[in-house]
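No experiment lies behind these values; they were computed from the predicted model shown. Residue numbering restarts at 1 for every chain, and letters A, B, ... go by the order of the sequence lines.
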2 protein chains.
Amino acid sequence: MNDAARNRAIDAPVVVEVGLGDRGYDILIGPGLLDRAGEEIAQRLPGTRAAIVTDENVATAHLATLQAGLDRGGVASTIITLPPGEKTKSFAHLQDVVDGILAARLERRDSVVALGGGVVGDLAGFAAGIVRRGMNFVQMPTSLLAQVDSSVGGKTGINSPRGKNLVGVFHQPKLVLADTDVLDTLPLREFRAGYAEVAKYGLIDRPDFFVWLEKNWRDVFAGGAARIEAIAQSCRAKADVVARDEFELGDRALLNLGHTFGHALEGAVQYDGARLVHGEGVAIGMALAHRFSARMNLASPDDAARVEAHLQAVGLPWRMADIPGELPGAEALLDFITQDKKVSRGTLTFILTHGVGQAFVAKDVPASEVLAFLKESHPA
Amino acid sequence: MNDAARNRAIDAPVVVEVGLGDRGYDILIGPGLLDRAGEEIAQRLPGTRAAIVTDENVATAHLATLQAGLDRGGVASTIITLPPGEKTKSFAHLQDVVDGILAARLERRDSVVALGGGVVGDLAGFAAGIVRRGMNFVQMPTSLLAQVDSSVGGKTGINSPRGKNLVGVFHQPKLVLADTDVLDTLPLREFRAGYAEVAKYGLIDRPDFFVWLEKNWRDVFAGGAARIEAIAQSCRAKADVVARDEFELGDRALLNLGHTFGHALEGAVQYDGARLVHGEGVAIGMALAHRFSARMNLASPDDAARVEAHLQAVGLPWRMADIPGELPGAEALLDFITQDKKVSRGTLTFILTHGVGQAFVAKDVPASEVLAFLKESHPA
């Protein structure tokens, strides 16, 4: 094997197939995919043009590489750059992106390419879903969180003044290119926050994966083959859940493990990312969900302790006391929970667990039990 | 049979099933459906709440009846009223409707009810398609055009400054209630314009239906059983095409018979409804499509003459000379055609015909032939 052939073999991405029938698609995971984006897109999609949607920070780091990669594959691209941050997920920016795509005279079979994290992916995917009633969409997630979560499953959307992600569509990508090289440029705190969602897949229904993470998390953080494996396992796990319940009528709610408590905490700090980013909220939320399940005699306290220990080992926050600054009281936190949009008709629905890898959808959880638990868990 | 039972039997709506698998739904066609809307919705849909989206004109005529009808069925309703007219199909009004639905705290299983013509249906359907990534949607079309065309098939959307209907989603309704009583309040010109789309279904692939219309059009205009039959046949015809090609990748383009010439003429009069409304443009467009097909030796001139004669008999315009005021020249009309979004990659795609009921998708139609034909057909 000569050097070029060996490099090609080493670089060959892991492929995860998302089985959604005629809406199915491949997720490619590995190094060098920005470079090869044009080739991969040209092989799979009919259009010869693309609109790249990105944000100012990602553009500085990666846009030139991607544009050159698209050029090499014969895909002409136009650029739509957005300000970074959650506030970009608005009607005004949606309209900007839609207009940018139409101004470039792209057709249905051309592609909208999202280069960025969850915000860019959610907004660009929504625009791709509504221009000409649905264009081809390619995700190029640049954060660990986006590679293992928001780029899989077809949820797109923007925020409303009345709540997050209240407006959007299900629009599956035609292709996801998760270039693992770009993760090397992430700040450690952001990588860790994304890791919380990786661990989540083990906790939902893959106990063996959680055992593997307990042993190999240092290698996942270091990069290389273990990181690619962790991302691929996460995408497979999410793809399996999504294939069972594409439109979130049932099982897909399992993906919200840790998110009900997590969203409440994000709301409680008024989405101040200096205090708590989404993945950190999910980490604390997962620890709380396990501890609450133990309190309800659904799971063993040993399982809760095991989850807490792993989150602590990787350096993630795992209890409310780990959030800097003061938190609202237990009653106020419960209010944040009951305003959560996953609350259906006044009953409290939680993702609880019978143990590591045994999460389930629990309906009609008594609010009084939740309140008592929040009081016990509260640092104040 | 007592009087009440007889009335019920007479009033029983015709049901057309739209066969789209798990996105399939029923179209109910008949008198008194505004009155019975609550009952019909409560029987079929889980939610107990609805947002009625309507326009000021339709609200004056029909809103009180519908609200009372919903109340009787136990469906609580909130009202979102829009200004009438095509300009309402904008991002700004979309955002208003979305916010109105969220303000009423409706959930995914509650319903958005569109009470109005195509504008209201397209906008409300789009909003229903994106709030919480898709809510239940009920169409209550109040114009003949909406009953036979825009309420069937799931196309929703708004206009962009760059073109009509460029932004939207496919979102199938869960139920269509076409109350034929409301058609009695339509101005004759508007009813006639809707009738052009009724005739279109005969011309596409139902020659027997066209023969029936040639014999029975006076009864269709008069109301009663013939009108209900014509609407039901039209909905069946469109539902068949949509079931074959839900996302307009092929055959569904047949529904554009008459629309390429028609849209060009609408553009040429700058969408001035005093000179030409959409259905009238379609009528002239259908006559031109048949005459052009004859000129290309695809169909017999007798078929073109037969179509022209029928449109003339019902009082529809059928040639460019029937449009009041001056028209731009043939070259300018061709420009309007080639800007049409159905033009793919510079080639001209037309719906042409081999005769009455034998329409087909013609690709690569030479622009020079179209131009020569437009010159011959031009009144100037």
Side-chain angles (χ1 to χ4, degrees), chain A residues 21-23 46-49 90-92 94-110 122 125-135 153-171 246-249 252 339 341-346, chain B residues 21-23 46-49 90-110 122 125-135 153-163 165-171 246-249 252 339 341-346:
Chain A
D22 55 6
R23 288 186 298 284
T48 56
R49 289 181 298 166
S90 68
F91 255 111
L94 175 68
Q95 200 172 347
D96 289 344
V97 174
V98 163
D99 194 63
I101 296 167
L102 289 172
R105 304 182 80 93
L106 298 194
E107 299 183 16
R108 280 174 78 179
R109 60 187 192 164
D110 293 320
D122 285 1
F126 191 12
I130 65 176
V131 171
R132 300 178 189 275
R133 298 196 187 92
M135 294 178 57
K155 279 193 180 179
T156 74
I158 57 174
N159 301 325
S160 149
R162 298 180 191 277
K164 288 182 74 173
N165 296 318
L166 286 178
V167 186
V169 292
F170 288 95
H171 186 60
E246 184 177 0
F247 299 110
E248 196 166 20
L249 304 170
R252 187 163 176 164
Q339 277 166 33
K341 70 185 153 76
K342 287 184 285 295
V343 176
S344 174
R345 310 251 154 191
Chain B
D22 56 7
R23 289 186 298 283
T48 56
R49 290 181 299 165
S90 68
F91 255 109
H93 285 294
L94 175 68
Q95 200 172 346
D96 289 344
V97 174
V98 163
D99 194 63
I101 295 166
L102 289 172
R105 304 182 80 94
L106 298 195
E107 299 182 17
R108 280 174 78 178
R109 60 189 193 163
D110 294 320
D122 285 2
F126 191 11
I130 64 176
V131 171
R132 299 177 190 276
R133 299 197 187 90
M135 296 179 54
K155 279 193 183 181
T156 73
I158 57 175
N159 302 325
S160 149
R162 297 178 193 278
N165 296 319
L166 286 178
V167 186
V169 292
F170 289 95
H171 186 61
E246 183 177 1
F247 300 109
E248 196 166 19
L249 303 171
R252 186 162 175 167
Q339 278 166 32
K341 73 183 152 76
K342 286 184 288 295
V343 176
S344 174
R345 310 251 154 190

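Listed for the A:N165 side chain is no donor-acceptor partner under 3.5 Å among the backbone atoms of A:G157.
Of the two parts of A:F247, the backbone and the side chain both hold a non-hydrogen atom closer than 4.5 Å to a non-hydrogen atom of chain B. Only the side chain of A:V98 comes within less than 4.5 Å of a heavy atom of chain B; its backbone N, CA, C and O stay farther away. Looking at A:A103, both its backbone and its side chain come within 4.5 Å of chain B, counting heavy atoms on both sides.
A salt bridge is defined here as a Lys NZ or Arg NE, NH1 or NH2 lying under 4.0 Å from an Asp or Glu carboxylate O, and B:D99 with A:R162 meets this definition. Electrostatic pairing of A:R133 and B:E248 does not count as a salt bridge here, judged by no charged N lying under 4.0 Å from a carboxylate O. Using a 4.0 Å cut-off between charged nitrogen and carboxylate oxygen, B:R252 and B:E246 do not count as a salt-bridge pair.
Per-residue heavy-atom pair counts under 4.5 Å with chain B were compared for A:V131, A:L94, A:T156, and the maximum is reached by A:T156.
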